[in-house]
Amino acid sequence: MARLEAAAICTPGLEPVCEAELIALGIKARTVGAGVIECKLTTRELYAANLWSRTASRMLVRVARFRATDFNFLETRAEEIPWENWVGPGIRPEFRVTARKSKLIHTEAIAERLEKIVSPGHGREVARDAPVQPFVVRVDHDLFSISVDASGDSLHQRGWRTETGVAPLRPTMAAALLLSTGWKADTPLLDPFCGSGTIAIEAALMARNLPPGGERDFAFTSWPDFEPGTWGSVKGVAANEAREVDFAIEASDRDSGAVEMTKANAERAGVADLVTASEQVVSHLSGDPGVGLVATNPPYGKRVAGGDLRPLYRRFGAALRERRPQWQLAMVVADPKLAKEADGALRPVGRYGHGGLKVQMLTRQGRAPADRPEQPTTAPDDPPATS
Ligand SMILES: C[S@@+](CC[C@H](N)C(=O)[O-])C[C@H]1O[C@@H](n2cnc3c(N)ncnc32)[C@H](O)[C@@H]1O
């Protein structure tokens, strides 16, 4: 069967988890650069990757690759591309161009030429506010690589997260945090700084084996060569693979607005019955003598105003040692020194750019009762809100 030349694009740093997810879907995938995983896949696998990848930001399919050093040659080669496969009536092509070390370096002029070639080919003018089909054009040393974006909106836009708080975590990062811990989606999970509920909802989707993209549209469904039968089958398999879950996924936050957002987002994601959201300061964490995973994204101290956050991180660490002594811990933070205030055994698993900040993911394994560290175990009460 003919395979498409494609690429999964992810946040730089997430390549190992993203590549592993694609391989688990049966796709031939290989990281070739920062945030770029090359894939050879069938149409069915392209649809499945869009629906199932929890960490990719978008899926691109290569439509042409050629050298051009002047606009005449660019236009000649662009006219040979079967644009009608991806741009249907009423759809506006949009070209996102980057260029380096090439004769044609003016990205807006390249985009304009390409738009003109695609639109008159369909014998129509398309309204400026028409739905968009994005194309990604990379020009490097005069080599043009043109790809059609199969996803459309970035895949971190899951469809269910219409409400967010002050410093929301991208769902792709939340999923990467969970995947990086080795969590098998088979033990309880808690996010005690849940904000809009991103980590808990991603965890619930993983636990139920529901696809992250089940509540959104994808650009490929508007392609004239779209295969509805194949797509129906991919979605049908997903519906049949959903699992029952017999453990709790807890989300809590000191802010009642955040708790309401978590409930509303969980409802839209179809996991409201699985995610328990409650208003609670972290020092009043409930106890659980069993095992589980605390996965969280506490206030950063950079994006969220709040002065010195060390006491908050210490209270969090003390509450965990006292009330969830055997639980594994995973955090996304901007400042790893702050994370160590909570737990000195945390180890970094990766660094990423997120919303203009550099963030780190850190984890430590769960502890057997005898492994308890010699640190204070009393979690004093939280003072008034600091974030
Ligand atoms: C960085 S935000 C979490 C964002 C979340 N991951 C999301 O995607 O929406 C940190 C959250 O911690 C909460 N918070 C701050 N201090 C707290 C405390 N002492 N106890 C519980 N929650 C607290 C804030 O209300 C805020 O919602």
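Note that ligands are numbered from 1 as they come in the structure, with each ligand's atoms numbered from 1 the same way.
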Proximity to ligand 1 by part of P298, non-hydrogen separation under 4.0 Å: backbone
Does this structure show an ion pair linking K340 with D335, if we count only N-O contacts that are shorter than 4.0 Å? no
Give yes if a backbone or side-chain nitrogen or oxygen of N297 is under 3.5 Å from a nitrogen or oxygen of ligand 1, and no if not. yes
Distance under 4.0 Å to a non-hydrogen atom of L169: what atoms of ligand 1 satisfy this? 6 (N), 7 (C), 8 (O)
Indicate yes or no: does an N/O atom of S196 lie under 3.5 Å from an N/O atom of ligand 1? yes
For ligand 1, which part of L312 has a heavy atom less than 4.0 Å away: the side chain, the backbone, both, or neither? side chain
With a cut-off of 4.0 Å, which atoms of ligand 1 are near a heavy atom of T198? 7 (C), 8 (O), 9 (O)
Under 4.0 Å, heavy atoms only, figure out whether ligand 1 is touched by the backbone of C194, its side chain, both or neither. backbone
Over-ring placement of R113 relative to F71, 6.0 Å and 45° cut-offs: yes
What atoms of ligand 1 come closer than 4.0 angstrom to any heavy atom of P299? 10 (C), 12 (O), 15 (C)
Can you tell whether the side chains of R158 and E202 come within less than 4.0 Å, N to carboxylate O? yes
Looking only at N/O atoms, are D255 and ligand 1 under 3.5 Å apart anywhere? no
Would you say V281 contacts ligand 1, with heavy atoms under 4.0 Å as the rule? yes
Between the side chains of E250 and R324, is the shortest nitrogen-to-carboxylate-oxygen separation below 4.0 Å, so that they form an ion pair? yes
Does R161 pair with E163 as a salt bridge, N-O distance under 4.0 Å? no
Considering only heavy atoms of Q280, which atoms of ligand 1 have at least one such atom less than 4.0 Å away? 21 (C)
Are R3 and T42 close enough that a side-chain donor and a side-chain acceptor fall under 3.5 Å? no
Considering only NZ, NE, NH1 and NH2 on the basic side and carboxylate oxygens on the acidic side, decide whether E5 and R65 come within less than 4.0 Å. no
Does this structure show an ion pair linking D140 with R138, if we count only N-O contacts that are shorter than 4.0 Å? no
Among G197, A167, A319, which one has a heavy atom closest to atom 4 (C) of ligand 1? A167
Does V282, backbone or side chain, put an N or O under 3.5 Å from an N or O of ligand 1? yes
Yes or no: does D253 have any heavy atom under 4.0 Å from an atom of ligand 1? yes
Mode of P192 contact toward ligand 1 - side chain, backbone, both, neither (heavy atoms, under 4.0 Å): backbone
Aromatic contact between Y47 and F218, with the criterion being ring centroids under 6.0 Å apart: yes or no? no
Under 4.0 Å from ligand 1, counting heavy atoms only, is it the side chain of R315, its backbone, both or neither? neither
Taking the six-membered ring for Trp and the single ring otherwise, decide whether the centroids of W86 and F220 are under 6.0 Å apart. no
Just to check, does R170 reach to within less than 4.0 Å of ligand 1 when the distance is taken from its heavy atoms? no
Check against side-chain hydrogen bond (donor to acceptor under 3.5 Å, both in side chains), E267 and W160: CA-CA 8 Å; E267 184 78 43; W160 49 261; over 6 Å; no
